[in-house]
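Since the structure comes first, as structure tokens, the remarks are kept for the end.
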Amino acid sequence: MEKYTYKWFKGRWGISITIYGEVFEKRLFKEDCIAVRDNIYLSFSKDPLIKNELFCEEDRNAIFKALDMAAEDIVLHTQCHDGTVIQICSLQYDVCYYQEEAMVVAMLNWCSQVFGFKLENIESIFDNSSNKYVFEISAY
């Protein structure tokens, strides 16, 4: 199980998201999964780390988006040669330290750590008028 905690504190408040996930070879994976791109698949654990944890639609969409963005890097760096399944086992965050748009950035960082590629050009600024962080991901 791979764990990554994304923290970003700048401005009046911060963001903290912890992602727990696993990587499987597609041919060995027996649960349902959805294709993100050729040879990249996504699954959400039916038995998450936290009892009764539900993965909300917004989080699912953000995780899918991040995997789609990082798909080429994942394929280049994976040890799985018959397709790679990324299974999310838990998404942990306190709503006081969370922003929906940051889930994409957190998942990109998880992928970078797990597959060993470098992330570049993720910028963040605190927008006082909207009272939230704005993320610019120009590498993808």
>> Parallel, tilted or perpendicular: which one describes the rings of W110 and F115, with boundaries at 30° and 60°?
In response: perpendicular

Taking the side chain as C-beta and beyond, is there a heavy-atom pair between [X] and [Y] under 4.5 Å?
X: I19; Y: M107; value: yes
X: V23; Y: T84; value: yes
X: I88; Y: S45; value: no
X: Q92; Y: I17; value: no
X: E22; Y: E2; value: no
X: C33; Y: L42; value: no
X: I137; Y: M69; value: yes
X: Y6; Y: S16; value: no

Establish whether [X] and [Y] are linked, either directly or via other cluster members, by ILVMFWY side-chain heavy-atom contacts under 4.5 Å.
X: F44; Y: V36; value: yes
X: F55; Y: F64; value: yes
X: M103; Y: I40; value: yes
X: I86; Y: F24; value: no

How many angstroms lie between atom [atom1] of [X] and atom [atom2] of [Y], to the nearest 0.5 angstrom?
X: L49; Y: L91; atom1: CG; atom2: CG; result: 10.0 Å
X: L67; Y: K65; atom1: CG; atom2: NZ; result: 12.5 Å
X: T18; Y: Y93; atom1: OG1; atom2: OH; result: 11.5 Å
X: Q99; Y: S124; atom1: CD; atom2: OG; result: 7.5 Å
X: D68; Y: I63; atom1: CG; atom2: CD1; result: 13.0 Å

> For R27, which residues count as a side chain to side chain donor-acceptor pair (under 3.5 Å) partner, sequence neighbours excluded?
Replying inline: D82

> Can you name the residues that form a side chain to side chain donor-acceptor pair (under 3.5 Å) with Y20, not counting sequence neighbours?
Replying inline: none

If you look at every heavy atom in [X] and [Y], which pair is closest and at what distance?
X: F117; Y: A70; value: CZ-CB, 4.1 Å
X: S112; Y: L119; value: CB-CG, 3.7 Å
X: S43; Y: E31; value: OG-OE1, 4.4 Å

> Would the number of heavy atoms belonging to other residues, nucleotides or ligands and lying under 6.0 Å from CG of D38 be above 12?
Replying inline: no

> Checking side-chain contact (heavy atoms from CB on, under 4.5 Å) for the pair C89/M1: CA distance, chi angles, key distance, verdict?
Replying inline: CA-CA 8 Å; C89 302; M1 175 109 30; 3.7 Å; yes

> Just checking, is any N or O donor in the side chain of Y41 or D32 under 3.5 Å from an acceptor N or O on the other one?
Replying inline: no

> Do we see a donor-acceptor contact under 3.5 Å between the side chains of S90 and E53?
Replying inline: yes

> Would you say R37's side chain and A71's backbone share a donor-acceptor pair under 3.5 angstrom?
Replying inline: no

>> One pair to check against side-chain contact (heavy atoms from CB on, under 4.5 Å): C111 and I74. What are the steps and the verdict?
In response: CA-CA 7 Å; C111 291; I74 293 169; 3.9 Å; yes

